[in-house]
Amino acid sequence: MKKILLFLASFFLIFSCEKNKVEKVEKTFYYWKSSDYYSDFNKEKDILTEQDIKKLYVKFFEVDYTDAMGNYPISKTNFSLYSYCNEKSKDSLEIIPTVYIKNIVFQKSNESDLDKLADNVNFLINKYTKEKLDSLQVSEIQIDCDWTASTKDKYFYFLKKLKPLSQKEISVTLRLYPYKYPDKMGVPPVDKVTLMCYNLINPLADQSKNSILDLKELESYLNRGKKYPLHLDIALPVYSWMQLYQNNQFTNVLYDVNDIKPHLKQIKPLWYEVQKDTVINYETYLRVGDKIKYEEITADKINKAISIIKKNIKLDKNITVTLFHLDEKQLNNYTDEEISHFYSNFTK
């Protein structure tokens, strides 16, 4: 009898896993660069070609707030469709306009402000679609916001206003806290969500953990027994950074990690000390004795995160996996095969 029960338990476990198995992955990248960011488009174009990428989530702009100006756009994109494809192939690359809205916007806005915000966001998206995308047909808009329990009602109000104005599918980013606590944080009134499986910890809050991706922290937010009420896609990090501390005070985040590593000596896990006075990009001065917290995201760590996600999240058969972000310097840290596996491992 025990053997029969054990067999049945194993059978139902296998059946359940097969039922929830991902069968198809749409491969995408985020493009998160602003107008002042230099980029080698040819290298990035090669990456898109090699990985057969047909979709990009492009940050068009951000929305910030000040008492003097109210809600206003910043960090406008330098993206140009023809940097990545020619006239004949432009229709083969789908672009999803993405807008990052700071939470303070919803803290400071009333419903009238949010009505205007929805109008302005829709207007700017259409403007940039015409200018940057040569009026390419757009079917989806993604809104990125780290909303809180106190701002969810205003944020959801804005999303409801944006949908009929845009007449497009609306998706939003979903941090791990609102994913784990939908009863408290609410479920956004949109068509689908992208779960952001990175930036799990305040970068300055815990000096012993990798704030971009800590695997134990990731697993602690996932609940294998419950399916999120909306279609859930996945976003993963493919970047590393360094936090610079001078005179024991945090001063900057550095992204050109490969230029800096030769001048460092490890003093403990995650932590390094500058061994030689160095100038990075003619603007950042590193001095002997400066401390650096190097938060590196390796291919092995990403693959372990994927295993945790597959084990603990009930995903649909067809999902989109987006890597953050399309940056040739950061992507040089991974082989073409490793990048390919970040997508294909979800179906294995």
Side-chain angles (χ1 to χ4, degrees), residues 30 32 57-67 69-75 96-122 124-125 140-166 168-205 211-213 217-218 220-223 226-237 313 320 322 324-325:
Y30 277 109
W32 216 250
Y57 284 85
V58 177
K59 186 191 73 171
F60 274 29
F61 56 92
E62 302 179 8
V63 181
D64 201 352
Y65 172 90
T66 64
D67 289 336
M69 298 181 63
N71 300 324
Y72 66 101
I74 58 171
S75 300
I96 309 301
T98 304
V99 178
Y100 174 67
I101 305 180
K102 294 187 177 182
N103 193 46
I104 190 174
V105 169
F106 299 104
Q107 292 171 341
K108 296 291 187 177
S109 297
N110 56 37
E111 287 192 356
S112 177
D113 297 327
L114 297 175
D115 291 341
K116 185 177 180 180
L117 177 64
D119 279 327
N120 289 342
V121 166
N122 186 59
L124 279 181
I125 288 174
E140 176 188 345
I141 293 171
Q142 183 167 100
I143 302 298
D144 180 23
C145 179
D146 189 7
W147 84 88
T148 61
S150 63
T151 59
K152 70 174 182 179
D153 290 339
K154 291 182 179 180
Y155 179 48
F156 292 180
Y157 176 88
F158 162 78
L159 294 172
K160 290 177 182 177
K161 288 291 181 177
L162 182 61
K163 174 76 173 180
L165 285 171
S166 66
K168 296 176 178 63
E169 186 176 48
I170 303 295
S171 64
V172 299
T173 58
L174 182 70
R175 276 32 175 207
L176 286 162
Y177 188 85
Y179 165 80
K180 184 174 182 178
Y181 301 106
D183 293 340
K184 177 180 179 181
M185 297 295 292
V187 176
V190 295
D191 299 291
K192 58 184 179 180
V193 298
T194 298
L195 185 63
M196 315 301 277
C197 298
Y198 55 93
N199 287 357
L200 311 178
I201 304 168
N202 183 325
L204 305 181
S211 66
I212 299 175
L213 180 57
E217 193 79 13
L218 172 64
S220 72
Y221 279 100
L222 304 183
N223 184 353
K226 183 185 294 185
K227 192 177 190 301
Y228 196 74
L230 296 174
H231 172 80
L232 191 72
D233 293 319
I234 299 295
L236 294 166
I313 297 180
T320 297
T322 309
F324 185 94
H325 65 124

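Predicted model only: the values in this text are computed from it and were never measured.
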Are side-chain N/O atoms of [X] and [Y] paired as donor and acceptor at under 3.5 Å?
X: Y155; Y: N103; answer: no
X: T98; Y: D144; answer: no
X: T151; Y: Q107; answer: no

Test M185 against Y177 for side chain to side chain contact (heavy atoms under 4.5 Å, CB included), laying out the working first. CA-CA 8 Å; M185 297 295 292; Y177 188 85; 3.7 Å; yes
Q142 pairs by side chain to side chain donor-acceptor pair (under 3.5 Å) with which of T173, D233, T194? T194
Do [X] and [Y] come close enough that some side-chain heavy atom pair is under 4.5 Å?
X: L176; Y: M196; answer: no
X: V63; Y: F61; answer: yes
X: I313; Y: L232; answer: yes
X: S171; Y: V193; answer: no
X: I143; Y: L162; answer: yes
X: F158; Y: V121; answer: yes

Check: W32 ring centre within less than 6.0 Å of Y57 ring centre: no
So that I know where these two stand, are Y198 and F324 an aromatic pair - ring centroids less than 6.0 Å apart? yes
Separation between [atom1] of [X] and [atom2] of [Y], rounded to the nearest 0.5 Å:
X: K108; Y: T66; atom1: NZ; atom2: OG1; result: 10.5 Å
X: L165; Y: K160; atom1: CG; atom2: NZ; result: 14.5 Å
X: C145; Y: K154; atom1: SG; atom2: NZ; result: 12.5 Å
X: T322; Y: L195; atom1: OG1; atom2: CG; result: 11.5 Å
X: E217; Y: L200; atom1: CD; atom2: CG; result: 6.0 Å

Quick check: closest heavy atoms across [X] and [Y], and the distance to 0.1 Å?
X: L213; Y: C197; value: CD1-O, 3.6 Å
X: I125; Y: F60; value: O-CE2, 3.7 Å
X: K180; Y: S220; value: NZ-O, 2.8 Å
X: S109; Y: N71; value: OG-ND2, 3.1 Å
X: Y179; Y: Y228; value: CD1-CD1, 3.8 Å
X: I170; Y: V190; value: O-CB, 3.3 Å

Quick one: which of K168, H231, E169 gives a side chain to side chain contact (heavy atoms under 4.5 Å, CB included) with D191? E169
Is it the case that the side chain of N122 and the backbone of D119 share a donor-acceptor pair, with hydrogens and angles ignored and the cut-off at 3.5 Å? no
Donor-acceptor pair, side chain of K152 and main chain of K184, under 3.5 angstrom: yes
Just checking K163: does its NZ atom have more than 12 heavy atoms from other residues, nucleotides or ligands closer to it than 6.0 angstrom? yes
Between E111 and Y157, is the side chain to side chain contact (heavy atoms under 4.5 Å, CB included) condition met? List the steps. CA-CA 8 Å; E111 287 192 356; Y157 176 88; 3.7 Å; yes
If you apply the rule side chain to side chain contact (heavy atoms under 4.5 Å, CB included), what do you find for L174 with W147, and how did you get there? CA-CA 9 Å; L174 182 70; W147 84 88; 3.6 Å; yes
Verdict with supporting geometry, E140 and K192, salt bridge (Lys or Arg N to Asp or Glu O under 4.0 Å): CA-CA 10 Å; E140 176 188 345; K192 58 184 179 180; 3.4 Å; yes
After noting the C-alpha distance and the side-chain angles of L230 and V187, does the key distance pass the side chain to side chain contact (heavy atoms under 4.5 Å, CB included) rule? CA-CA 8 Å; L230 296 174; V187 176; 3.7 Å; yes
